[in-house]
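Please read the structure below before turning to the comments.
Nothing here was measured: the structure is a model prediction, and the numbers come from that model. Position 1 is the first residue of the sequence, and the numbers go up from there. First listed ligand is number 1; within each ligand, the first listed atom is number 1.
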Amino acid sequence: MKRLLAVVLALMVFTVPAVFAEEAKPDLPDASQDKQVVIIYGGVTSASMGEMEEMWIKMVEELSGGSIKIEHHPDNELADDRTAIELTAFGDMGIGSSSTSPLATMYADFNVFDAPYLFSTPEQAWAALDGPVGTSIYEGIEELGLKGLMWCENGFRNLTTKDKLVKSPSDLSNMKLRTMENKLQMAAWSALGANPTPMAFAELFTAMQQGTVVGQENPLGIIDANSFMDVQGYVMMTRHIYTPYVVLMNLEMYNNELSDAQRAVIDYVSDYCEKWQRTRSQEIEGEILKKFEENKINVIRLTPEELAAFKQKLIDDKIYDQVKAAMIHPEYIDMLLAANQ
Ligand code: KDG
C-alpha cells in the first residue's frame, strides 16, 4: 500500500497542472523551437504581486513551449526598487519591478503618481495607467533602455502610526514618518506638519521596531504582507496617494534576444496578468480589512470633512504646482484632476 501511495504522489508531483487546458490555449505563434532565453525576474512584495508573478512565469514558460525560462527573485530579493530597475536598464536583470515613486529621479513623469488625491477610485487610476499617461511614460523610458510590460497595482496609501491616532494634520506635528525616497512625497508630509524620513523599503520594519520612525504610509497589501501592524497601533484610511507598480524589461533583450513568437507570448501574458493582478489586489484589500477588524486592529476611517482638511492643507501648499514643476508633461496633472475630481 505504501509503495502504491508513493507512486501516486510521485505522479501528482511530476504532472504539474497546465495553466491552460489544450482547447483553451490562446492562439499564439509557436515559440517552442526558438532559441532558449533565460530571464532573471525581480519581483516585489504584496500578496497580489507575488501571486501574479508566479502565474506570469508559469504562463510564459508554458506558452513559449519552454523556450523562455524565468529565474524568479520575489520580494525585492535581489535589490530594492530603484536598484532593480537600474540593473534591468543595464541588462544585469531581464525584468525588474518597482513602485513608481523611487523612479522619479530616473524619469520625471513618474512623479505624476506622487500627486495626492488625484484619484478617488481604483478604476480612475487604472484608466490613467491604460491611457495617455501610462502610454507616454512607457514611450519615454525606452530612452533609458527599458520596455514597459505591466502597470500593476500597489494601491491607495494609508497612514499607520505606533501609538498616535491621527485625524487632522495638527495630529502629525513633527511626527517622524518614513516616506519613500521621493522629494514630492517628503514635501507633502512636511506641508502637513510631519517630519518626513526617506528610507528604502527594506529598512522600514526595523526602523519602526526600533522607534527610529513613528509611522509610515503604504497600501493595505504592503502593510499586511510585511506584518506592519505587529509594530504599529493604528491604520488611518487616508488613501492619500495611489501608487502603481511598474514591471519593466530590458529593452535590448525584448527587441533583440526574443524571437517574434516569444515576444508575442510575453505581450499576451503581460496584458492578461496586469489586469488580473489589479482585480486580485482589490479582492485582497477587502480580505485584509475584514481580517484587521476581526483581529481588533485599530482601523480608523476618517470622515469626508477630516479627509478634506488634509487635502486642503496640501492645496494651500500648492502641491500640484510642485508636482507639475517636476514633470516633463505637467499637463497630465490638470487632465487627471479634471477627469477625476
Ligand atoms: O516590494 C515593494 C517595495 O519595494 C515598495 O515598492 C513598497 O510602496 C512601497 C514603499 O513604500 O516603499
- Message: For a quick check: using heavy atoms under 4.0 Å, what are the residues in contact with ligand 1, sorted by chain and number?
- Response: Val44, Thr45, Asn76, Asp81, Ser99, Asn154, Arg157, Arg178, Met180, Phe201, Asn218, Ile222, Tyr245
- Message: With ring-ring contact (aromatic ring centres under 6.0 Å, His included) as the rule and sequence neighbours excluded, what pairs involving residues 280-328 come up?
- Response: none
- With sequence neighbours excluded, residues passing ring-ring contact (aromatic ring centres under 6.0 Å, His included) with Trp151: Phe113, Tyr138
- With Ser97 as partner, the option from Val247, Thr45, Leu248 fulfilling side-chain contact (heavy atoms from CB on, under 4.5 Å) is Val247
- ring-ring contact (aromatic ring centres under 6.0 Å, His included) contacts in which one or both residues fall within residues 62-105, not counting sequence neighbours: Tyr41-His72
- Looking only at atom types and distance, does a side-chain atom of Asp81 sit under 3.5 Å from a main-chain N or O of Ser99, one as donor and one as acceptor? yes
- Task: Describe, in one word, how the ring planes of Phe201 and Phe228 are oriented to each other, choosing from parallel (under 30°), tilted (30 to 60°) and perpendicular (over 60°).
- Result: tilted
